[in-house]
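A short worksheet on the structure shown next.
Whatever order the structure lists them in is the order used to number ligands and atoms, beginning at 1.
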Amino acid sequence: MIACPKCGAGSSRVVKTKPNPEGQWRRRVCKKCGGKFSTTETVKTKPGSA
Ligand SMILES: [Zn+2]
C-alpha cells in the first residue's frame with residue numbers, strides 16, 4: 001500500500017497512469033487531504049531468467 005507523503009493516509013485514488021520502462025507511473029490524489037503525488041510501481045520480472 002502506498003501512503004500519502006503529506007498526511008500518511010493509506011487511501012488514494014489513481015487519476016493518471018502511464019506505462020514506464022521500469023513499471024507503471026501513477027498520478028495519485030489522497031482521499032484524506034487531497035494532496036497530489038506520483039508513484040512508480042516496478043513490475044517484477046520472473047526470477048531465474050537472467
Ligand atoms: Zn494525504
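Contact record, Ile2 with Ser12: O-OG, 4.4 Å, taken as the closest heavy-atom pair. Taking both residues in full, the closest heavy atoms of Cys33 and Cys7 are given as SG-SG, 3.9 Å, listed atom of the first, atom of the second, then distance.
Note that OG1 of Thr39 and CZ of Arg26 are 6.5 Å apart. Values are rounded to the nearest 0.5 Å. Distance CZ/Arg13 to CZ/Arg27: 12.0 Å, rounded to 0.5 Å.
Closer than 2.8 Å to the Zn ion (ligand 1) sit the protein N, O or S atoms Cys4 SG, Cys7 SG, Cys30 SG, Cys33 SG.
Not counting sequence neighbours, the partners of Ser11 by the side chain to side chain contact (heavy atoms under 4.5 Å, CB included) test are Lys31.
Using a 4.0 Å cut-off between charged side-chain N and carboxylate O, Arg28 and Glu41 make a salt bridge.
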